[in-house]
Student: 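Encoded as structure tokens, here's the structure I'll be asking about.
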Amino acid sequence: MEELQTPVLDNHLHLDPERGRGMEAVEEFARLGGTHLLLVNQPSWKLGVESTDPEDFRPVFETTTEIAAEATDHLPGRAWPVLGAHPGLISRLVDERDCSPAEARDCMQGVLDIAAEYVREGEALGLKSGRPHYEVSDAVWEASNDVMKHAFELGADCSCAVQLHTEASEDLTEVADWAEERGLPAQKVVKHYAGGRLAGPTPSVMSNKDWIETAAKSGEPFLMETDFIDDPDRPGAVLGPKTVPRRVRWLREQGYDAAIRTAHVETPEHVYGIDTESTLAR
Ligand SMILES: [Zn+2]
């Protein structure tokens, strides 16, 4: 495999070394030319946490930071954890744990407070929040927006990026404005699972050829991701760990060299303050 001569960052994926492929997936990514990963914690319920007490979510973050440290040993660059509460948690709390939307909001905001501790201590790179991508009641929608606004306050306070899981959209300027109002620049709000076009936050584009080409042609800042879930029960549910390096190779063949630099050097620096080039020479 020829060298890609560039950092290659997958901006959003999950690893489950217990049940899934774990480090084998990291090695596959690296073999194809991948260098850096942003590792997002698995949904808490997948790790067996069914509590309404935010303190009980700490092991989810501990596990994720441990996996990121191990993944770093298998990469020419490194992996960083991104920690937070999956927006689908609100439905589990309301529908299965008899929480009111306000109680669920308080729990999730508390979980984010703990995630922010990891960011302040330099153990995590950013926060993860958002709102359901499926239909919910007005009360749950409001509560979800309040959770997300709290994440923006924490992001502003820690000077860190906030990755969002939201409904499919090409215009989230209202959400980006909520971040700006709280002191978090819109560029530090990242929409995970984005298409090739997005107004407001920085898009983390799912690495389908069409979407990546749209983003590459736009000349705008963007990131690339797979949302690999490493779940043996759902093979092929999302893109595999080889996809980002493969798409970078394809972008190079198509002559999109500037877009490669945008997605793997410049945007990561502007959004997260990370230097993917110097961390390659570890
Ligand atoms: Zn994900």
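Ligands are counted one by one from 1 in listed order, and the atoms in each one are counted from 1 as well.
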Student: Leaving out waters, which are not shown anyway, how many protein N, O or S atoms lie closer than 2.8 Å to the Zn ion (ligand 1)?
Tutor: 3

Student: Can you check side chain to side chain donor-acceptor pair (under 3.5 Å) on N41 and H14, steps first, answer last?
Tutor: CA-CA 6 Å; N41 63 265; H14 311 268; over 6 Å; no

Student: Is it the case that more than 12 heavy atoms not belonging to D138 sit under 6.0 Å from its CG atom?
Tutor: no

Student: Could you name each residue pair satisfying side-chain hydrogen bond (donor to acceptor under 3.5 Å, both in side chains) that touches residues 151-162, not counting sequence neighbours?
Tutor: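 Listed once each, the pairs are R120-D157.
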
Student: Show me the donor-acceptor pairs, under 3.5 Å and distance only, between side chains in residues 215-225 and residues at least two apart or in other chains.
Tutor:
from	atom 1	to	atom 2	distance (Å)
S218	OG	A215	O	2.7
S218	OG	E220	N	3.0
E225	OE1	H192	ND1	3.2
E225	OE1	Y193	N	3.2
E225	OE1	S204	OG	2.7
E225	OE2	H192	ND1	2.9
E225	OE2	Y193	N	3.3

Student: Looking at V82, V119, L184, which hits side-chain contact (heavy atoms from CB on, under 4.5 Å) with L127?
Tutor: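 Only one of V82, V119, L184 forms a side-chain contact (heavy atoms from CB on, under 4.5 Å) with L127, namely V119.
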
Student: By salt bridge (Lys or Arg N to Asp or Glu O under 4.0 Å), which residues pair with E50, not counting sequence neighbours?
Tutor: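 R92, R97.
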
